[in-house]
Amino acid sequence: MGYFAFSGTMIAVRLVADRVVARTGAVRFVRVATTVAVLGFAVVLFAPWPLAVVSGFAVVGLGVAGIVPIAWSVASRKQADAPGRAVAAVAACGYLGFLVEPVLVGALATRIGLHWALSSAVVVTFAIVFLAPSLRVREGALTR
């Protein structure tokens with residue numbers, strides 16, 4: 001049920017994320033989205049009831065849904081002469097996360113338990129707040 005809730009809210013946000021980013025800007029959008037995702041993870045980790053945990057996963061989906069598409073879009077505009085290379089670099093970072101985080105959670109779970117090991121996802125997600133300024137596209141930059 002958690003995955004279903006997560007996926008459902010991701011779909012909903014992806015349908016409107018571009019319009020929200022046009023109004024708020026990529027940096028603000030990603031910072032707010034990251035904060036929402038971290039709050040969702042907090043609910044998942046600390047909620048005492050299964051329904052609350054499912055709701056927490058829905059909130060995580062609300063938060064993370066637009067981050068990767070926005071990062072790809074900005075990357076392609078920041079290097080208009082080589083947008084494919086820029087998008088590939090962002091994708092490589094994403095795939096690195098998909099490879100490293102499960103291993104990290106597994107290693108931590110054997111030492112401190114799965115519940116606390118999942119908190120590493122909160123830390124990694126929260127780090128996006130500090131990376132958000134890199135999404136600024138300077139005035140006069142080449143755009144497609």
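Here the structure is a predicted model, which is why all the values come from computation and not from measurement. In what follows, residues are counted from 1 in the order of the sequence shown. Atom set for the values below is all heavy atoms of this structure, side chains included, hydrogens, waters and symmetry mates excluded.
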Locate the shortest heavy-atom distance separating [X] from [Y]; write the atom from each residue and the value.
X: Ala75; Y: Val90; result: CB-CG2, 3.5 Å
X: Arg136; Y: Lys78; result: O-CE, 2.9 Å
X: Val27; Y: Ala132; result: CG2-O, 3.3 Å
X: Ala109; Y: Ala117; result: N-CB, 3.4 Å
X: Ser76; Y: Ala86; result: N-CB, 4.4 Å
X: Phe29; Y: Ala17; result: CZ-CB, 4.0 Å

Roughly how far apart are [X] [atom1] and [Y] [atom2], rounded to 0.5 Å?
X: Leu131; Y: Phe126; atom1: CG; atom2: CZ; result: 11.0 Å
X: Glu101; Y: Leu96; atom1: CD; atom2: CG; result: 11.0 Å
X: Trp49; Y: Ser55; atom1: CH2; atom2: OG; result: 11.0 Å
X: Trp72; Y: Ile67; atom1: CH2; atom2: CD1; result: 13.5 Å
X: Trp116; Y: Leu108; atom1: CH2; atom2: CG; result: 12.5 Å
X: Phe41; Y: Phe46; atom1: CZ; atom2: CZ; result: 12.5 Å

Exam field: side chain [X] to backbone [Y], donor-acceptor pair closer than 3.5 Å:
X: Ser119; Y: His115; result: no
X: Ser120; Y: Val105; result: no
X: Arg85; Y: Asp81; result: no
X: Ser7; Y: Phe4; result: no

Side chains of [X] and [Y]: closer than 4.5 Å at any heavy-atom pair?
X: Pro133; Y: Arg31; value: yes
X: Val38; Y: Val129; value: no
X: Val13; Y: Val20; value: no
X: Leu118; Y: Val44; value: no
X: Val103; Y: Leu99; value: no
X: Val43; Y: Val59; value: no

> Can you tell me if CZ on Arg14 sees more than 12 non-hydrogen neighbours from other groups inside 6.0 Å?
Replying inline: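 More than 12 heavy atoms, drawn from other residues, nucleotides or ligands, come within 6.0 Å of this atom.
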
> Under 6.0 Å from the CZ atom of Phe57, do we count more than 12 heavy atoms belonging to anything else shown?
Replying inline: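 No.
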
>> Parallel, tilted or perpendicular: which one describes the rings of Tyr95 and Phe98, with boundaries at 30° and 60°?
In response: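 Tilted.
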
Among the clusters formed by ILVMFWY side chains lying less than 4.5 Å apart, do [X] and [Y] turn up in the same one?
X: Val60; Y: Leu114; result: yes
X: Ile70; Y: Val68; result: no
X: Val124; Y: Phe6; result: no
X: Ile112; Y: Val122; result: yes

>> Walk me through whether Ile128 and Val64 qualify under side chain to side chain contact (heavy atoms under 4.5 Å, CB included).
In response: CA-CA 10 Å; Ile128 296 170; Val64 300; over 6 Å; no

